[in-house]
A.B. asks: 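Sending over a structure as structure tokens; questions will come in a sec.
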Amino acid sequence: MEICRSKSEMRRATATMRAGGAQRIGFVPTMGALHEGHLGLVRLARSQCDRVVVSVFVNPTQFEDPSDLEKYPRDDARDMDLLRAEGVDAVLLPAVEEMYPPGAQTIVETTGLSRVLIGALRPGHFRGVATVVTKLFNIVGPDAAFFGEKDYQQLAVIRTMVRDLDMPVEVFGHPIVREPDGLAMSSRNVRLLPEHRVEAPVLSRALERAEAMAAAAPVTIDELRADIALTLAEAPSAEVDAIDIQDAQTLGDLDGPLDRPAVILLAVRFGAILLIDNRVVSPV
Ligand code: PAF
């Protein structure tokens with residue numbers, strides 16, 4: 001497995017892959033602190049492509065809170081071991097100065113999608129994501145790229161950006177990977193206090209109940225939201241930032257009876273840690 005710390009090393013590595021006959025290069029962008037969710041993306045990439053490249057870069061421009069950036073878990077040595085064991089061909093592991101040389105001033109933004117929902121709670125977040133993913137695509141030059149569906153809005157932002165800017169990259173989503181108790185895997189989970197970790201599966205419980213409710217009988221958006229709020233209240237430490245129920249395709253607002261597939265997007269804080277989870281529910 002080749003570890004590339006500079007953009008030029010990475011470009012050379014993918015050029016060598018193509019010169020050696022690689023037909024399809026798959027790319028998995030990550031911020032490290034890898035878990036089974038990321039490894040699922042790597043395996044999906046491997047099943048679709050003949051070479052797999054992963055990036056490990058904690059992107060400062062998508063953090064609006066400097067202490068969140070500082071505390072983001074990092075363990076490059078462990079990450080490299082995990083990726084080597086998965087048979088990854090090359091890793092891009094750049095320093096911040098390599099990705100953002102002084103004077104950088106160009107940004108990429110999906111102007112509608114990036115300002116609603118999580119984007120309204122975390123201004124600038126999706127602009128940072130879209131900008132770094134564009135840069136990573138330009139450096140790696142992949143044919144396909146793989147993202148987790150846990151970050152539902154992020155995936156929508158990336159699909160929209162790829163479409164709008166005619167990027168020659170096929171985007172794949174991978175279903176959420178969960179702990180045995182239902183908690184969606186996230187690099188943030190390790191930072192939960194033990195008492196919060198016990199309560200955190202309340203997000204997936206709330207989504208399961210809402211899905212069952214929608215499948216059992218006709219239901220309104222307000223009834224679904226009320227049921228979710230009731231379940232989340234079972235966790236005394238949970239501070240609910242958002243229970244958004246949106247059109248699953250467009251992320252537009254919904255009201256009245258549930259009459260089309262909707263995505264429920266939860267953002268719930270446990271102490272300083274913001275957890276997100278989602279599920280698409282359909283009417284009976
Ligand atoms: O999902 C993530 O880990 C990040 O947002 C991404 C896509 C690697 C961009 O920094």
Side-chain angles (χ1 to χ4, degrees), residues 4 7 10 26-42 44-45 52-66 68-76 78-80 82-83 88 90-96 98-100 104 106-110 113-114 117-119 121-140 142 144-162 165 167 169-177 184-191 265 267 273-278:
C4 308
K7 298 180 242 192
M10 185 73 249
F27 176 46
V28 181
T30 81
M31 298 208 296
L34 302 179
H35 51 65
E36 271 303 311
H38 298 109
L39 302 183
L41 293 174
V42 171
L44 180 60
V52 177
V53 175
V54 176
S55 64
V56 172
F57 178 62
V58 182
N59 172 38
T61 67
Q62 68 188 76
F63 288 81
E64 68 289 359
D65 174 358
D68 202 21
L69 170 62
E70 201 181 303
K71 289 190 201 125
Y72 200 84
R74 292 167 169 89
D75 191 343
D76 289 348
R78 178 179 166 277
D79 288 347
M80 295 309 114
L82 288 169
L83 295 175
V88 165
V91 177
L92 175 64
L93 185 62
V96 173
E98 175 70 6
M99 287 299 283
Y100 295 107
T106 306
I107 54 165
V108 179
E109 183 168 19
T110 51
L113 268 179
S114 72
L117 305 167
I118 291 175
L121 295 173
R122 302 180 63 187
H125 170 69
F126 287 118
R127 187 170 57 220
V129 171
T131 303
V132 81
V133 171
T134 301
K135 287 166 69 67
L136 292 167
F137 283 0
N138 285 338
I139 297 163
V140 174
F146 300 82
F147 297 87
E149 287 172 1
K150 182 169 85 68
D151 297 305
Y152 194 94
Q153 190 174 356
Q154 168 172 285
L155 185 53
V157 164
I158 287 163
R159 285 191 198 283
T160 304
M161 170 187 98
V162 163
L165 298 183
M167 294 179 173
V169 181
E170 190 179 356
V171 175
F172 287 81
H174 186 278
I176 299 177
V177 180
M185 286 197 185
S186 163
S187 308
R188 290 168 194 266
N189 292 353
V190 295
R191 289 172 51 207
L265 300 161
I273 311 300
L274 179 68
L275 297 182
I276 61 171
D277 203 345
N278 69 72

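Heavy atoms only: backbone and side chains are in, while hydrogens, waters and symmetry mates are out. Note that ligands are numbered from 1 as they come in the structure, with each ligand's atoms numbered from 1 the same way.
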A.B. asks: State the CD-OG1 distance between Glu109 and Thr131, to the nearest 0.5 angstrom.
C.D. replies: 8.0 Å
A.B. asks: Output the list of atoms in ligand 1 that are nearer than 4.0 Å to some heavy atom of Pro29, sorted by atom number.
C.D. replies: 8 (C)
A.B. asks: Is the contact between Thr30 and ligand 1 made by the side chain, the backbone, both, or neither, using heavy atoms and a 4.0 Å cut-off?
C.D. replies: backbone
A.B. asks: Using distance alone, decide if ligand 1 has a nitrogen or oxygen within less than 3.5 Å of any nitrogen or oxygen in Gln154.
C.D. replies: yes
A.B. asks: For Val132, counting its heavy atoms only, list the atoms of ligand 1 lying under 4.0 Å from any of them.
C.D. replies: 9 (C), 10 (O)
A.B. asks: Do the side chains of Ser55 and Val140 get nearer than 4.5 Å, heavy atoms only?
C.D. replies: no
A.B. asks: Students should be able to answer this: which protein heavy-atom is nearest to atom 3 (O) of ligand 1, and at what distance?
C.D. replies: Met31 CG, 3.6 Å
A.B. asks: What distance do Ile139 atom CD1 and Phe57 atom CZ have between them, rounded to the nearest 0.5 Å?
C.D. replies: 9.0 Å
A.B. asks: Is it possible for you to check whether Lys71 lies under 6.0 Å from the centre of the six-membered ring of Phe63, through NZ or CZ, and within 45° of that ring's axis?
C.D. replies: no
A.B. asks: Would you say Asn59 and Tyr72 are linked by a side-chain donor-acceptor pair, where the criterion is simply a distance under 3.5 Å?
C.D. replies: no
A.B. asks: What's the shortest distance from atom 9 (C) of ligand 1 to any protein heavy atom, and which residue and atom give it?
C.D. replies: Gln62 OE1, 3.4 Å
